[in-house]
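Just so it is clear: chains get the letters A, B, ... in the order the sequence lines come, proteins before strands, and each one is counted from 1. Since the model is a prediction, treat every value here as computed from it, not as a measurement.
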Amino acid sequence: MITITLKDGTQKQVEKGTTVYQIAKDISEGLARVAIGGEINGKKVDLMHKVNDDVALNILRFEDEEGKEFLRHTSSHVLAQAVKRLFPGTKLAIGPAIENGYYYDFDTDHRFTQEDLEKIEAEMKKIVKEKLELERFELSRDEAIALMQEQGEDYKVELIQDLPEDAIISFYKQGEFVDLCAGPHVPSTGKIKAIKLLSVAGAYWRGDEKNKMLQRIYGTSFEKKKDLEEYLHRLEEAKKRDHRKLGKELDLFSLQEEGPGFPFFHPKGMVIRNMLEDFWRDEHVKRGYEEIKTPIILNESLWHQSGHWDHYKENMYVTKIDDQDFAVKPMNCPGSILMFKRKMHSYKDLPIRMGELGLVHRHELSGALHGLMRVRCFTQDDAHIFMLPDQIKDEIMGVIDFVDYFYNIFGFKYHIELSTRPEDSMGTDEEWELAINALEDALKEKNIPYKVNEGDGAFYGPKIDFHLEDCLGRTWQCGTIQLDFQMPQRFDINYVGADGEKHKPIMIHRVIFGSIERFIGILIEHFAGKFPTWLAPVQARILPITDRQLEYATQLKNRLISQGIRIEVDTRSEKIGYKIREAQLSKVPYMLIIGDKEMETETIAVRSRDKGELGAIEVSTFIEQVKEEAINKSL
RNA sequence: GCUGAUGUGGCUCAGGGGUAGAGCACUUCCUUGGUAAGGAAGAGGUCGGCAGUUCGAUUCUGCUCAUCAGCUCCA
């Protein structure tokens, strides 16, 4: 007999080799029906798992995130099984559960079409109806390889060969289908109640672009039909607020064939951009930053000195001027450093905080371009802080507070990730350790939880990344703080210390928006185009009821413009209902309706985009309200 | 860059080997209507670009460019 400690602390004696399913069943009949697996000493296992030692067991249920993951994992096997049934000879690669679904990679000469997806989905539903039980079995390495070779699964053979010596090689079998898999799974294909295949796309074998491109089928599945419907609904909602769609509809920006990845900002998009930049400037002045502007084209020797030529050249645009090589800047730091070098600095001057809204160009792969989120030229709201070693922590914490303040203005939640030294990097181990420790210390002192991304840092230093969460729960990397001991050495920049000797300052690179272009893209989706009053390209639209009010409308417009309110007049001879509809669709925060009544009493009938009719108020009252809303940046 | 799909008036899309069509938007006229679509007429496109097949191509083929989905990469 062995002892099982359950999550609530109770203990239970069971026979050695008892399955998790049996234990769940013994605890309660009802639990066995909703259980899909367990967590033994923190490791996830399925119901088929046999318990052989004293362990702590936590029964996982369908409603748990883990439960959903098991279900998606099994679904990927069902997908593979369906494909094997319909397209024999297809070779299987890998098929994991992912955040909202699963995928499976296939190698076949047949090109999967949309119709194929429908057929495959139908076959999957059949497999679900068959309620095939999943059986787990283990094989020795040689047996495993032999089995997979027999089935012609070359990719699986490769996977097995790469498994570590002591790995347990397990398989799962459902009906006629057997797949190499570590598990865990749900006990039967019948547990999957709702299945949907979403798309097919190419993916490299093992994620390496040197390898063969396989075909990847994406799908999702749920234990309840309702959950699937909700998920599909959420996808629809996300589509509706896609910044590329809204950017076109609201006339904010565009991308032209003549400049792939180089966005055009329209007058209305420019208003948003300018408001963001104004806000950015105000806040930086308050925090002791100085603003600079450096050129976008600089000569090759600068980029050699900075290390970009060696580490970043594939992404740089180069040109020749008077027979000399030049490059368009992909980053702003070298320019800032030249600015620092223009004169001698005393230790008393530090920290020096230099901000720049810097336009950079990067040659991104054509397939990576995506609206405003991924472009080839963008403006970084960059700043470089030059400081003494003992100022590092305070400066980093200052930036963290700054970022926090900034994101709250827009109602964003965020989380933080710390990236460490990449393979292609400069500097010594000691410097990297010092830099990483400085970032970690600041985070710990602020008591902020963070995730570590090994090897994901910049080539000159580690970084803290801020990942925004929008209202649909999607995340976007925006702000980053990067610590740099390299550039000051490479450029030999110095300050004079209290001892009268030269010393190397330490440098922070940081952005808050990340790129203004991307940030605007995120804002469009976050607000679904309904910008708060302070950002709205048009804050109010005057809607005259008849042509008799046109002249008054123009006077009113001029009055509001002189008060700094962004305003339009709809002068068309249309009915008021129609004008309201259009104003609402263009997401203007306020509609100001004027008819004979309002004209006589010098009032306006205000209709809010979000709250509907607000009734008639004095023009001066409206002006005050809008001004206040804009100043407070109310959401 | 790779794999697949797409590319028709400002926008959303239909069509199809014999030199193009709808709705919305736009212009003009009628209507002057009080909180999400009043009516009529008009203007607007070398069907992404370049070649090829054909008596004839926007439609078929090839190449190319751009976009979309994903991979890779990233602010």
Side-chain angles (χ1 to χ4, degrees), chain A residues 103 105 111-114 116 198-218 239 242 244-245 248-249 251 254-261 312 314-315 330-332 358 360 362-382 419 456 458 463 465-468 476-480 482 509-519 521-522 543-550 572-586 591-598 605-609 612-616:
Chain A
Y103 65 79
D105 286 347
R111 293 271 154 250
F112 293 124
T113 61
Q114 198 55 45
D116 289 337
L198 298 170
S199 61
V200 57
Y204 302 108
W205 166 235
R206 298 195 148 183
D208 189 333
E209 59 185 323
K210 289 181 196 79
N211 288 339
K212 185 167 182 186
M213 174 79 62
L214 308 173
Q215 291 186 77
R216 173 172 297 178
I217 296 179
Y218 283 89
K239 239 189 198 166
D242 188 312
R244 293 166 300 187
K245 181 173 176 286
K248 204 181 273 179
E249 286 172 7
D251 196 20
S254 60
L255 287 149
Q256 314 279 345
E257 279 200 20
E258 289 77 1
Y312 208 73
E314 326 75 75
N315 283 316
M331 293 183 193
N332 300 301
V360 297
R362 298 181 186 177
H363 182 79
E364 300 293 346
L365 294 176
S366 57
L369 302 178
H370 180 93
L372 288 181
M373 302 301 197
R374 195 74 186 282
V375 289
R376 283 179 173 159
C377 81
F378 55 100
T379 303
Q380 288 184 309
D381 62 314
D382 225 332
S419 297
D456 223 18
K463 58 177 183 171
D465 291 325
F466 293 81
H467 295 256
L468 283 189
W476 305 94
Q477 198 213 306
C478 291
T480 102
Q482 307 182 349
H509 311 244
R510 52 109 277 203
V511 290
I512 300 179
F513 288 136
S515 103
I516 294 182
E517 287 75 3
R518 177 181 287 183
F519 200 82
I522 295 167
L543 310 180
I545 290 180
T546 72
D547 291 349
R548 284 192 301 280
Q549 289 86 33
L550 281 183
R572 296 173 304 176
S573 308
E574 295 290 348
K575 284 192 176 173
I576 194 65
Y578 184 73
K579 293 184 184 180
I580 287 171
R581 178 187 151 81
E582 295 227 320
Q584 189 74 36
L585 290 176
S586 53
M591 288 152 257
L592 311 180
I593 291 126
I594 48 172
D596 289 335
K597 264 188 283 175
E598 287 75 18
V606 180
R607 182 190 164 99
S608 146
R609 170 188 69 194
E613 271 187 79
L614 298 182

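B:rG9 and B:rU27 have their C1' atoms separated by 15 Å, given to the nearest Å. Atom P of B:rG23 sits at a distance of 11 Å from the matching atom of B:rA41, rounded to the whole Å. Taking atom C1' on both nucleotides, B:rU12 is separated from B:rC73 by 33 Å, rounded to a whole Å. B:rG16 and B:rG7: their C1' atoms are spaced 16 Å apart (whole Å). Nucleotides B:rU46 and B:rU72 place their C1' atoms 40 Å apart, quoted to the nearest Å. Separation of the P atoms belonging to B:rU8 and B:rG49 is 10 Å when rounded to the nearest angstrom. As rounded to the nearest Å, B:rG45 and B:rU32 have C1' atoms that lie 36 Å from one another. Nucleotides B:rU31 and B:rA36 are separated by 25 Å at their P atoms, to the nearest Å.
Using a 4.0 Å heavy-atom distance criterion, A:Val375 is classed as a base contact. The residue A:Lys463 sits close only to the backbone: its heavy atoms come under 4.0 Å of sugar-phosphate atoms, none of a base. Among the heavy atoms of the strands lying under 4.0 Å from A:Arg216 are primed sugar atoms or P, OP1, OP2 only; no base atom is included. Within the 4.0 angstrom heavy-atom criterion, no nucleotide atom of any strand lies near A:Phe513. Backbone-only contact: A:Gln477 has heavy atoms under 4.0 Å from sugar-phosphate atoms and none from a base.
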Detail all sub-3.5 Å separations between protein N/O atoms and N/O atoms belonging to nucleotides 28-35 of chain B.
| from | atom 1 | to | atom 2 | distance (Å) |
| --- | --- | --- | --- | --- |
| B:rU32 | O2' | A:Arg548 | NH1 | 3.1 |
| B:rU32 | O2 | A:Asp547 | N | 2.9 |
| B:rU32 | N3 | A:Asp547 | OD2 | 2.9 |
| B:rU32 | O4 | A:Asp547 | OD2 | 2.4 |
| B:rG33 | N7 | A:Ile545 | O | 2.6 |
| B:rG33 | O6 | A:Ile545 | O | 3.3 |
| B:rG34 | O6 | A:Asp596 | N | 3.4 |
| B:rG34 | O6 | A:Lys597 | N | 3.3 |
| B:rG34 | O6 | A:Glu598 | OE1 | 3.3 |
| B:rG34 | N1 | A:Glu598 | OE1 | 2.7 |
| B:rG34 | N1 | A:Glu598 | OE2 | 3.1 |
| B:rG34 | N2 | A:Glu598 | OE2 | 2.8 |
| B:rU35 | O2' | A:Arg607 | NH1 | 3.0 |
| B:rU35 | O2' | A:Glu613 | OE2 | 3.3 |
| B:rU35 | O2 | A:Arg607 | NH1 | 3.3 |

So which protein nitrogen or oxygen atoms get under 3.5 Å of nucleotides 4-6 of chain B's nitrogens or oxygens?
| from | atom 1 | to | atom 2 | distance (Å) |
| --- | --- | --- | --- | --- |
| B:rG4 | OP1 | A:Arg111 | NE | 3.4 |

Contact list (N/O, under 3.5 angstrom) for nucleotides 8-12 of chain B vs protein:
| from | atom 1 | to | atom 2 | distance (Å) |
| --- | --- | --- | --- | --- |
| B:rU12 | OP1 | A:Lys248 | NZ | 3.2 |

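Counting only distance, with no hydrogens or angles, the side chain of A:Glu598 and the backbone of A:Gly595 share a donor-acceptor pair below 3.5 Å. Distance alone, capped at 3.5 Å, places no donor-acceptor pair between the A:Arg216 side chain and the A:Ala201 backbone. No donor-acceptor pair under 3.5 Å is formed between the side chain of A:Asp105 and the backbone N or O of A:Leu214. Without hydrogens or angle criteria, A:Lys579 side chain to A:Arg572 main chain gives a donor-acceptor distance under 3.5 Å. Not one N or O on the side chain of A:Asp456 forms a donor-acceptor pair closer than 3.5 Å with the backbone of A:Ser419.
Side-chain contact check for A:Arg376 versus A:Ser366: some heavy-atom pair is nearer than 4.5 Å. Contact of the A:Met373 side chain with the A:Arg244 side chain is not registered, since no non-hydrogen atoms from C-beta on lie closer than 4.5 Å. Contact check for A:Gln584 versus A:Arg607: side-chain heavy atoms found under the 4.5 Å cut-off.
For B:rC71, the base has no donor-acceptor partner in the side chain of A:Arg206 [N/O atoms by modelled type, under 3.5 angstrom]. Residue A:Tyr204 places a side-chain atom within donor-acceptor reach of the base of B:rG1, judged by atom type and a 3.5 Å distance cut-off alone.
If you measure from atom OH of A:Tyr312 to atom P of B:rA75, you get 7 Å, rounded to the nearest angstrom. If you take CD1 of A:Ile512 and P of B:rA75, they are 16 Å apart, rounded to a whole angstrom. Remark: C1' of B:rA69 and CG of A:Asp242 are 12 Å apart, rounded to the nearest angstrom. One atom, CD of A:Gln256, and another, C1' of B:rC65, lie 14 Å apart when rounded to the nearest Å. When rounded to the nearest whole Å, the span between CG of A:Leu369 and P of B:rU72 equals 17 Å. Distance, A:Asp105 CG to B:rU72 P: 10 Å, rounded to whole Å.
The side-chain contact (heavy atoms from CB on, under 4.5 Å) check on A:Thr379 picks up A:Arg273, A:Leu357, A:Leu359, A:Ile516, A:Glu517, with sequence neighbours excluded. Every side-chain contact (heavy atoms from CB on, under 4.5 Å) that A:Ser199 has, sequence neighbours left out, goes to A:Tyr218. In this view, A:Ser254 and A:Gln256, A:His266 satisfy the side chain to side chain donor-acceptor pair (under 3.5 Å) rule, not counting sequence neighbours.
Place A:Gly479 and A:Met213 on RNA chain B by their nearest nucleotides, and A:Met213 ends up nearer the 5' end. Between A:Arg244 and A:Gly514, the residue anchored closer to the 5' end of RNA chain B is A:Arg244, taking for each the nucleotide with the nearest heavy atom.
Judged by centroid separation below 5.5 Å and plane tilt below 30°, A:Phe378 stacks onto the base of B:rA75.
Residues A:Gln549 and A:Asp596 have side chains that bring a donor and an acceptor to within less than 3.5 angstrom of each other.
Proximity note for A:His370 (side chain, C-beta onward) versus B:rG1, B:rA75, B:rA69: the nearest is B:rA69.
Ion pairing of A:Arg581 with A:Glu574 is absent here, as no side-chain N (NZ or NE/NH1/NH2) approaches a carboxylate O to less than 4.0 Å.
Between A:Ser199 and B:rG70 there is no side-chain N or O to OP1 or OP2 distance below 4.0 Å.
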